[in-house]
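Contents: one structure, followed by commentary.
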Amino acid sequence: MTASRASAIAAINSYRSAGQAWNFRETPTSEIFGANVFSQAVMKARLPKSVYKALQATIKQGKPIDPSIADAVAMAMKDWAIEKGATHYAHVFYPLTGLTAEKHDSFLSPTGDGTAIAEFSGKELIQGEPDASSFPSGGLRATFEARGYTAWDPTSPTYVLDNPNGTTLCIPTAFCSWTGEALDKKTPLLRSMQALDKQARRVLALFGHDDVGQVSASAGPEQEYFLIDRNFFFNRPDLMMTGRTLFGARPPKGQEFEDQYFGAIPERVLACMLEGERELYKLGVPVKTRHNEVAPSQYEIAPVYENANIATDHQQMIMLTLTRVAQKYGMSCLLHEKPFAGINGSGKHVNWSMGCRLGNLLEPGETPHANMQFLVFCAAVIRAVHLHADLLRAVVASSGNDHRLGANEAPPAIISIFLGEQLSDVFEQIEKGKVTGSKASGTLTVGVDTLPPLPMHAGDRNRTSPFAFTGNKFEFRAVGSSQSIAGPLVALNTIVAESLDFIATELEQATGGDLALLPAAVESLLQKMISAHKAVVFNGNGYSQEWQDEAARRGLPNLKATPEALDALVNPATIAMFEKYGVLSEREVRSRYDIYMERYCKDLNTEAQAALQIAKTMILPAAYRYQGELVDIATKLKALGQSPHLGTLEKLTKLVGDLESRIDSLEQTTAHHGGDLRAEVGHFHDDVVPAMAAVRETADQLETILPDDLWPLPTYREMLFIK
């Protein structure tokens, strides 16, 4: 074992946590939840009554913000934050990098007499002006056109972020260019939620509901991640640079024993989770679930689902908090979709629904066959997914997710819907023209007298489906673990809004607003929709080759890699839909296409350069040393009149030659430049990725024969099983 690997293991063995225990008996979670949030309760206590009512109308009813209240809100926010130790405020936004960005400004303003006072105006609250020149814009503006604006999003709570040396008032904002075009993830999300609200209320009005308030999309993303010791992380240049291991032979044991899933959480990991949850509770993030995931050293955290805009902001907080808190416990949090080859990667299952004052619009009720309103909204989702499956695939496309989708560990790249036995049966009956009932749930008998009877759902779960109905919501399981959920939510909200628009128009024409004509009109429309879009419904094994063949016969797209998936973004019909509902202009759509294509190239170029550096400066020299040792031994044996066994040397020599050759090929491949962006993307997919895979194949074989004291990189066995 190399000295660096040995010292890493020694450091792990002697590790002592620097985290501070929290006494939940003295201060229960109910008391700390939302403690650092400028919440509705805080607003009510600190704002003048008229200001509070005006602000709540914006937050809860979607009414335009009244600029005249800004100064009063800003003053209350400032006083509250300073009481919590804040010295600065920060406009927090989400540029098209997919990460969280912040611009910090001090509350202090010099008075001119050698002193300073704390100030924060309504103007400073509502609008900031960070330099936009260094963020990706996809051609929306030239580099020298630097002006960009952040705009306060009053619908997402302001909060205070703790730091050992002080706190910062964080203000969620949208980010746009000087011309008003969206340079961020939040702006299109808010626009898509507005479009969904408008079309959903049209449908609800046909059912006689005139005062439903705002219809909001809701989301609850389940975050999967890996934790490994930081000593190993810093000894793996590939993990540091790319987030995944570019080399690594499979260990003798992986996940085949199925003993990790829901197993006992290791002590250090659990301590890290507890502190992370505590920090998230303070920020009002409703995290609910934690557990071991399938792969060794893989875990999951999941919140209760909430307003989609707030859930998106909270999801960014979760990723940041996981990363920061892990460091305090001597670990690194890996959010990449495939940090380790040969074992399960990580996703971010996004639970999505929509609701209003009436409740969850995707709640079937006791008898789904009789719940006409539910069936209409559910059919709208089915139609949307069928017509825009390529768009849903595009918004989860990345080089990282390409390693995961369709790899018998995650949903296939084919976008289909799992409805379950009960709902599928109801829709089949509707298509045939006569609904006699829906399959009952009943109870499940376990066969042990002391155990209570368990309620049995009318349909099982399907973990191979990319888009599954799970009782009162849909679970979009193809989203990558490192992604912002904003893009998938923008797509979902918009395509469902388009379907609800279609439904509302059809029913308005068929009924003329006469409620008595609605049942017959709904039945007729549902029959047509089910017949036209049932091809997207599949309840079977999404991993099977049979489904690949069947999906092709059904005409469902199978976009296996990012380049072909992203092409769906600039489909004329997709652009027209985004423009029709005011979510994204053509320029904004095309800018995102360019940014994501460029990101694909940059990610793979970084991987290729890292692979070359590691192969040339770490793995190849180690192989040369072993080759030299074997030659030296063989020479000495011959001098003694012995016949050395040369099998290992011959195998090693061949592998060294292969590695040298494959390094040269990868080097030549990465030196290629030229062609337009689409051609460059094709080159990385068709040439660079296979060349990297070839280098890895040989290097991983070398790892299995080199002496342990010569192998320069922490192994899978060490990283995944030493905690």
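All values below come from the heavy atoms of this structure, side chains included, with hydrogens, waters and symmetry mates left out.
Side chain of Ser399 to main chain of Tyr600: no donor-acceptor pair is present (N/O by atom type, distance under 3.5 Å, no hydrogens or angles). At distances below 3.5 Å, at least one donor-acceptor pair connects side-chain atoms of Asp700 with backbone N or O atoms of Gly248. No side-chain donor-acceptor contact under 3.5 Å links Ser332 to the backbone of Arg230. A donor-acceptor pair under 3.5 Å is absent between the side-chain atoms of Asn571 and the main chain of Asp567, judged by distance alone. Side chain of Gln483 to main chain of Val395: a donor-acceptor pair is present (N/O by atom type, distance under 3.5 Å, no hydrogens or angles). Using a distance-only test at 3.5 Å, with no hydrogens or angles considered, a donor-acceptor pair links the side chain of Asp402 to the main chain of Thr562. Between the side chain of Arg393 and the backbone N or O of Ala565 there is no donor-acceptor pair closer than 3.5 Å. The closest donor-acceptor contact from the side chain of Arg477 to the backbone of Pro411 lies at 3.5 Å or more, if one exists at all.
Side-chain polar atoms of Asp549 and Gln545 form a donor-acceptor pair below 3.5 angstrom. For Gln316 and Thr100, the side-chain atoms include at least one donor-acceptor pair closer than 3.5 Å. Under 3.5 Å, the side chains of Thr669 and Asp687 contain no donor-acceptor pair of N or O atoms. A donor-acceptor contact closer than 3.5 angstrom is absent between the side chains of Glu300 and Thr289.
A salt bridge is absent between Arg244 and Asp603; no separation between the charged side-chain nitrogens and carboxylate oxygens falls under 4.0 Å. Salt-bridge check for Lys560 with Glu564: failed, with every basic side-chain N at 4.0 Å or more from each acidic carboxylate O. Ion pairing between a basic and an acidic side chain is recognised when a charged N comes within 4.0 Å of a carboxylate O; Lys636 and Asp632 show such pairing. Residues Glu667 and Lys616 are paired through a salt bridge, judged by an N-O separation under 4.0 Å between the basic side chain and the carboxylate.
The aromatic ring centroids of Phe340 and Tyr716 lie less than 6.0 Å from each other.
Between His291 and Tyr261, the angle of the ring planes goes over 60°, which puts this pair in the perpendicular group of the 30/60° scheme.
Of the candidates Glu337, Met319, His336, Glu337 is the only one forming a side chain to side chain contact (heavy atoms under 4.5 Å, CB included) with Ser482.
Arg599 CZ: 12 or fewer foreign heavy atoms inside a 6.0 Å radius.
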